[in-house]
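Worksheet: the structure to be examined is printed underneath.
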Amino acid sequence: MNILFVAAEVYPFSKVGGLADVLGALPKALSERGVNVKVVTPGYGVIDRKRFAIKRTPYFFNILLGRDRFKCPVSMFKFTDNANLEIYFIENEYFFSSRGVYTDLDGNPYTDNPERFVILQKAAMSLLFTMDWQPDIIHCHDNHAAVIPVYLKELFPHLPELKSVKSLLTLHNVAYQGIVPHDKKYMFGLPEKLFRFDKLMMWNGAINPLKAGIICADAVSTVSKTHAQEIMSDEEISAGLKDVIVSKKEPVYGILNGVDYNEWNPEKDSFIYENYSINRLSGKRKNKLALIKEMGLHESIVEKPLLGMVSRLVEQKGIDLILDSIDRIMVLDVGLLILGSGEEKYHSAFEKVIEHYSGRIYIDFNYNNPLAHKIIAGCDIFLMPSRFEPCGITQMYSLKYGTVPIVRKTGGLADTVSQWNGKEGTGFVFNDFTTDAFLKSVTEAIRIFRKRDVWNKIIHNGMLEDFSWEHSANEYITLYEELKKNET
Ligand code: ADP
Ligand code: GLC
């Protein structure tokens, strides 16, 4: 089986959020199960080409956006220990080199993001025509790759070499749809008729690539079973696309993300201060102490509950709940560490809060992968009060690190964390998106934290959970096989 992945982020080359984690792990897990995988992604300037020994290939495309032609050489990374997996980087001097993934250093989205991801998709199509290799499935991820199913259905439906190629569109985040004004239609290279009033590419007077991709893809999936149900039934969570989603012949597949336990494992994590395991939890306390020192918190916090969060600071993540309840949380005599970047309004709101709690709160607004590992290892409690969460990966990391999650019952959070009921459970789960419901869970967690035996039992339950990719990779293989069998 041959699968071509197209995505905007691939760990360890480029990363903003969990999409990168998935693209760093799922292709690997598939290729270890005999699937031949090629991944196509932009060659951003931030990628460390020397470190990864990324090499130029003979492939070179002139990609058209309207009348303008952009030169796109293709580079490649080959794994020395895995002949079944290759990563292809689409290079372009103007759109990708000397730039990051979606935003500049101040967090402002690049205004030409729509052009950048159309370039990615057109180059992926060109690669398909040029390589001496044909995929059974093109697995497209999010709006950045959602026009590929449209190209397959609308531009090349009769090409014999593409006739048997199927597309799967995975929705990691339906809230980002890649919407652009109608006057950008020239860049897609699609027939004019698709941009008329209520036609395929259009949505409320603008071009909506994700909507068109959902319609054209042979199958659509998302990253947890609960979120699949949510986007088929809840207008708000589907960000307006519910009717489009349910109009598909097949329901949306929900396949839970996994965890790459080679990267996220307290027993061998090289970023944390000391390795530890379920049988040697003293190492977790050493991580807490070292983290408290490094972040400049009062040493007394080592005896108190230390709450942590590693997250994009955007509305989705329930940052408003944290801000609205922060004074009432701090009254509970805790420490708080937040690592995250995102919307400016949240940065400035947090900056004001820090002034009142010096030595008890530390907030880092950078992107810092080693610190993410240290926080997930060193804290006692991990906060994830999301408004909606397609899957969420950090709560699964925190379970493995014995850091008890408090999550809202939504999407993948509902599928991966179970409420402690006195005997069983891995964390604390609240239902309503209100400060009262959130605070009730925080208070309950802190009360139980002081009963060491009970707390250790919850930690153990979480550390014993297994969210490795094995199960999900097999689910994807079954889905690929079904798609391959289906006649269009
Ligand atoms: P999302 O993809 O919605 O951001 P996930 O929980 O799926 O949420 O994945 C988030 C990923 O991004 C995790 O690997 C987390 O460690 C990482 N991450 C988020 N913010 C930061 C940050 N500021 N520094 C380092 N890693 C971060
Ligand atoms: C998105 C979602 C997150 C998910 C990640 C990877 O960014 O917000 O819930 O875990 O994609 O699928």
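Indexing begins at 1, ligand by ligand and atom by atom, following the structure's order. No experiment lies behind these values; they were computed from the predicted model shown.
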Numbering as shown, the atoms of ligand 1 that approach [X] to under 4.0 Å (heavy-atom distance):
| X | result |
| --- | --- |
| Tyr397 | 14 (O) |
| Gly340 | 23 (N) |
| Thr394 | 6 (O), 13 (C), 15 (C), 16 (O) |
| Ile393 | 5 (P), 6 (O), 7 (O) |

Distance only, no hydrogens: is a donor on one side chain within 3.5 Å (strictly under) of an acceptor on the other, for [X] and [Y]?
| X | Y | answer |
| --- | --- | --- |
| Thr103 | Asn108 | no |
| Ser468 | Asp466 | yes |
| Thr410 | Glu230 | yes |
| Asp327 | Tyr357 | yes |
| Glu351 | His347 | no |
| Asn461 | Thr426 | no |

Measure from NZ or CZ of Arg99 to the centre of the six-membered ring of Tyr110 and say whether it is under 6.0 Å with the direction within 45° of the ring axis.
yes
Over-ring placement of Lys400 relative to Tyr397, 6.0 Å and 45° cut-offs
no
When you measure from atom 5 (C) of ligand 2 to each heavy atom in Ala20, Gly411, Gly18, which option holds the nearest one?
Gly18
Among Asn257, Val223, Thr170, Thr410, whose heavy atom sits nearest atom 6 (C) of ligand 2?
Asn257
Asn173 to ligand 1: N or O pair under 3.5 Å?
no
Checking the N or O distance criterion of under 3.5 Å, is ligand 1 in contact with Lys15?
yes
Would you mind checking which non-hydrogen protein atom is closest to atom 8 (O) of ligand 2, with the distance to 0.1 Å?
Gln316 NE2, 2.9 Å
Non-hydrogen atoms of Gly17 versus ligand 2: any pair closer than 4.0 Å?
no
For Val22, counting its heavy atoms only, list the atoms of ligand 2 lying under 4.0 Å from any of them.
6 (C), 12 (O)
Below a 4.0 angstrom heavy-atom separation, can you tell me which part of Arg312, side chain or backbone, both or neither, approaches ligand 2?
side chain
